[in-house]
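A short worksheet on the structure shown next.
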Amino acid sequence: MNGETLIERASRHSCRLIDALITAGKATREEVVTNQFQKFLDEKVLTDRTKPPERGSSFGTHTIVSRNTSNVSTHSGNTLYGCTYWIDVIGKDGKPP
């Protein structure tokens with residue numbers, strides 16, 4: 001991560017998204033700052049891994065970790081960052097038991 005925190009990385013990613021919205025003519029800089037354009041939600045999947053059941057075991061796992069960036073009207077002018085984790089148990093056929 002080169003000494004950069006997850007929040008700093010997410011903020012840098014969000015700025016590129018906002019710049020892209022402005023460049024595409026979807027919003028003006030003023031609309032972005034005052035949160036007067038449509039809500040956006042960005043998700044980047046960091047990990048999507050399936051671990052089949054080990055020999056002699058009945059269950060494995062499917063794990064997804066993603067980073068989320070969003071704006072909401074309840075926090076006007078702010079950008080929210082978060083992570084989502086899914087860990088699903090899977091059977092030998094790769095499906096939930």
Side-chain angles (χ1 to χ4, degrees):
M1 287 192 344
N2 299 336
E4 187 175 49
T5 68
L6 182 59
I7 295 297
E8 289 167 335
R9 288 177 68 198
S11 177
R12 188 168 36 82
H13 179 72
S14 176
C15 289
R16 286 194 308 255
L17 175 64
I18 290 168
D19 288 342
L21 285 169
I22 294 167
T23 301
K26 301 289 183 183
T28 65
R29 174 97 27 213
E30 182 180 339
E31 288 172 327
V32 171
V33 171
T34 60
N35 205 22
Q36 295 177 0
F37 68 105
Q38 294 182 356
K39 178 182 172 155
F40 71 87
L41 173 65
D42 176 54
E43 178 178 53
K44 178 174 179 159
V45 175
L46 304 172
T47 302
D48 187 345
R49 182 179 311 142
T50 299
K51 182 179 175 188
E54 294 179 6
R55 188 172 161 178
S57 180
S58 299
F59 301 103
T61 58
H62 179 216
T63 304
I64 300 174
V65 179
S66 64
R67 180 182 64 221
N68 313 97
T69 308
S70 179
N71 69 337
V72 292
S73 58
T74 56
H75 294 81
S76 184
N78 292 310
T79 303
L80 307 177
Y81 308 102
C83 292
T84 304
Y85 302 86
W86 291 278
I87 301 176
D88 294 320
V89 175
I90 58 172
K92 291 181 180 183
D93 60 358
K95 297 179 182 177

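Values below: every heavy atom of this structure, side chains too, minus hydrogens, waters and symmetry copies.
Within the model, atoms OG1 of Thr84 and CD1 of Ile64 stand 10.0 Å from one another, a figure rounded to the nearest 0.5 Å. Between the CG atom of Leu80 and the CG atom of Asn68 there is a distance of 10.5 Å, given to the nearest 0.5 Å. Considering OG of Ser66 and OH of Tyr85, their distance stands at 9.0 Å, rounded to 0.5 Å.
Between Ser70 and Tyr81, every side-chain heavy-atom pair lies at or beyond the 4.5 Å cut-off. Within the 4.5 Å cutoff, no side-chain heavy atoms of Val65 are placed close to those of Arg49.
Across Lys92 and Ser57, no two heavy atoms sit closer than the pair CE-O, 3.3 Å.
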Take Asp48 and His62, measure what side-chain contact (heavy atoms from CB on, under 4.5 Å) needs, and give me the verdict at the end. CA-CA 7 Å; Asp48 187 345; His62 179 216; 2.7 Å; yes
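Under the 4.5 Å side-chain heavy-atom criterion for ILVMFWY residues, no single connected hydrophobic cluster contains both Ile87 and Ile90.
In terms of the side chain to side chain donor-acceptor pair (under 3.5 Å) criterion, residue partners of Lys51 (sequence neighbours excluded) are, by chain and number, Glu54.
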